[in-house]
Amino acid sequence: MSAAVGVTDVSKRYRLYHERNQSLKASVMRGRRAKYEEFWALRDVSLEVPEGTAFGLIGENGSGKSTLLKCMARILRPDSGRIATEGKVSALLELGAGFHPELSGRENVYLNGSILGLGKRELRSRFDDIVGFAGLEQFIDAPVKNYSSGMYVRLGFSVAINVDPDILLIDEVLAVGDAEFQRRCGDKFAELRSQGKTIVIVTHALSTVKEMCDGAALLEHGHLIEVGDAHDVVDRYLGDVFAPADGAGATTASNVERVELLDAAGRPASGLRTGDPVTLRFHYAIPDTLHEPVLSASIHHLDGLEVARPSVRVEAAGGPRGCVDLHIERFPLLSGTYDVTAALTSAGAPIGVPDRAHALRITVDRGADADSHGVVALDGRWETVTNEVAP
Amino acid sequence: MTRLAELAESRELLANLTLRELRGRYKRSVLGWGWSLLNPLTAIATYWVVFGVFLKVEPPVGHPSGLHNYALFLVCALLPWTFFQSAVESSPETLISNGNLIKKVYFPREILVISASTSILVTFLVESTVLLVLLLIAGNMVLPWIPVLILLIAIEYLLVLGLALILSVCNVYFRDVKHFVSLALRILFYAVPVVYPVTLVPEHKTILGIDLPLRTLYQINPLVPLVDCFRSVLYDLRFPDLGQLAYVTGWAVALLALGWWVFSRLEPRLAEEV
């Protein structure tokens with residue numbers, strides 16, 4: 001498989017101006033233009049996006065992922081290094097960029113289409129598709145300044161998606177439009193992927209990356225941290241973001257001092273497999289102020305999804321300190337990384353958001369009979385129906 | 001010359017952006033396109049009253065046309081001047097006002113400058129057509145000279161384009177360029193024989209004891225021979241002076257080459273600076 005986008009040792013430097021007065025007087029007085037500091041937005045980044053794959057660029061704000069995307073789109077020129085693209089590139093950085101507010105939707109479709117590189121003939125043959133996809137048949141001859149922001153964006157997206165690129169670069173624009181439009185966008189992307197198009201996407205929606213992308217790259221302060229399978233890269237990123245304060249058996253805040261993972265024999269364990277018998281042991285200290293204390297444990301998937309929140313009444317028998325076990329006969333969660341947190345509260349009081357920085361992190365490996373997709377093993381039983389009654 | 005090839009591929013974009021400029025210009029104004037005729041007409045009327053009636057500037061007699069009319073003498077130079085002035089004056093804003101586009105979409109950035117100049121050229125062509133009709137009514141048989149007129153317009157277009165490329169990209173880095181340009185244009189209007197004939201400029205003038213060949217200095221400005229060429233064709237009905245024509249063409253080509261070079265040098269960081 002050849003590379004649709006090849007990035008080789010790309011560095012990009014921005015200038016941060018201290019005083020941005022671009023006037024001749026200022027530069028004559030100072031003897032040069034304006035004081036600025038240089039700042040590397042990208043530093044020696046090399047990666048390859050294979051043809052026909054969907055590829056995610058992830059990282060915190062300011063990590064350089066958008067800069068990299070803009071370099072791929074040729075909007076920015078790298079200071080060093082090379083970016084080679086194979087085929088027609090279309091970038092969706094802002095929908096409806098270049099719309100003229102006074103012109104009608106129809107005129108703007110032609111204008112925007114040609115900005116994105118579509119010929120007049122191609123545009124004419126796709127015009128109905130574009131308008132239909134945006135759902136704006138009724139309003140196409142009204143000036144776009146009278147459009148709602150949703151209509152504006154829909155038309156922009158519709159033009160961009162119909163450019164029929166070989167490589168589509170997308171920056172955070174999926175999060176627009178209503179649910180129905182989002183669904184259609186999702187379908188359109190699936191269609192593009194099935195046609196063997198390459199998609200590069202910059203986003204903070206990590207679940208989208210996991211769902212949609214084959215590969216991903218993690219950037220941090222302009223450096224490439226990891227590139228590879230989308231699941232692995234996203235997990236690496238989440239692992240960095242929600243890193244527990246110390247290793248396994250971490251203490252939790254809010255009166256629960258320690259959480260332990262024990263195997264069937266009661267020995268501390270660091271990992272487990274789906275379907276294993278396990279015990280979660282919670283060490284707590286009940287403060288005097290708490291009446292009718294309830295211990296709530298919370299299990300989060302690394303993605304942020306709260307998978308379960310079991311809770312139990314605890315008693316302050318024989319002193320404030322105590323210990324409670326949660327026995328699970330067949331651990332139902334599928335392979336992945338989970339954080340366990342716990343807190344003591346009064347019965348009926350809200351628990352609040354668990355502090356995941358103090359979580360016990362457990363890694364679940366794939367069990368013998370468990371499926372690898374999804375979050376839980378249903379532990380169900382299949383049965384073939386032989387005497388089916390016709391409806 | 002991959003840039004040229006890319007530019008050639010963007011022909012349709014150029015056409016569409018030019019149309020955007022033209023369509024957007026008079027949208028929602030009652031007179032619409034009437035404004036593009038009303039503006040020069042007002043200027044003509046004003047200059048005609050001030051210079052033709054009050055100051056009594058004597059227009060030369062057209063040779064061989066025999067035309068002797070200050071208003072027509074004025075218009076034959078005023079229209080090419082207005083084209084130059086409006087295109088150059090608006091050029092510093094071209095890239096900045098399209099900043100959003102530059103930051104979000106890739107296309108050859110020259111297209112923006114070319115389309116802005118071209119949209120003003122279209123206005124000039126419309127005005128020129130009206131002028132041709134007026135000249136015909138006045139008895140000047142200009143129709144055979146239309147090919148030469150087109151040549152002159154093409155030369156002026158290249159000259160304007162070269163300047164617009166330089167000014168547009170420089171203004172992104174130094175926002176003073178815009179103010180400097182509007183100041184320079186105000187002076188330039190009187191440094192070009194639009195409202196008066198060249199013959200009013202003295203051959204020699206002694207300033208501070210130094211004898212200056214004023215007329216020669218005056219004619220260094222390429223707009224002077226350019227306006228003269230337009231007048232030869234439209235007012236006098238004769239082929240322009242070949243020396244003048246070559247001089248202006250030289251300027252146009254040189255400015256265009258310079259503009260192209262400057263633009264190519266400053267263009268890579270446009271998306272960051274705009």
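Every chain is numbered from 1 and lettered A, B, ... according to where its sequence line falls, protein lines coming before strand lines.
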remark   = Greatest number of non-hydrogen atom pairs under 4.5 angstrom with chain B, of His100(A), Glu102(A), Arg74(A), Arg77(A), falls to Arg74(A)
remark   = Counting heavy-atom pairs under 4.5 Å with chain B, the top scorer among Lys70(A), Lys120(A), Glu107(A) is Glu107(A)
[X] portion near chain A, given a 4.5 angstrom heavy-atom threshold:
| X | value |
| --- | --- |
| Leu270(B) | neither |
| Arg11(B) | neither |
| Glu21(B) | neither |

ask   = Does the pair Arg175(B)/Glu93(B) count as a salt bridge with the N-to-O cut at 4.0 Å?
value =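 Salt bridge between Arg175(B) and Glu93(B), a charged N being under 4.0 Å from a carboxylate O: no.
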request  = Not counting sequence neighbours, which residues clear ring pair (Phe, Tyr, Trp, His ring centres under 6.0 Å) with Phe83(B)? List them please.
outcome  = Phe124(B)
task = Using the side chain to side chain contact (heavy atoms under 4.5 Å, CB included) rule, pick out the option among Val159(A), Ile115(A), Leu123(A) that qualifies with Tyr110(A).
result =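 Only one option passes, and that is Leu123(A).
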query = Under a 4.5 Å heavy-atom cutoff, which of Leu17(B), Asn16(B), Ile102(B), Ile111(B) has the most pairs with chain A?
reply =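 Highest number of heavy-atom pairs under 4.5 Å: Asn16(B).
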inquiry  = Please rank Asn98(B), Asn100(B), Leu13(B) by heavy-atom pairs under 4.5 Å with chain A and give me the top one.
reply    =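 Greatest number of close heavy-atom pairs with chain A: Leu13(B).
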task = Applying side-chain hydrogen bond (donor to acceptor under 3.5 Å, both in side chains), name anything that partners Ser158(A), two or more places apart in sequence or on another chain.
result =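 Listed in chain order: nothing, the list is empty.
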request  = Please check if the distance between the ring centroids of Trp81(B) and Phe84(B) is under 6.0 Å.
outcome  = yes
inquiry  = Parallel, tilted or perpendicular, judged at 30° and 60°: which one describes the rings of Tyr152(A) and Phe99(A)?
reply    =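 Plane angle over 60°, so perpendicular.
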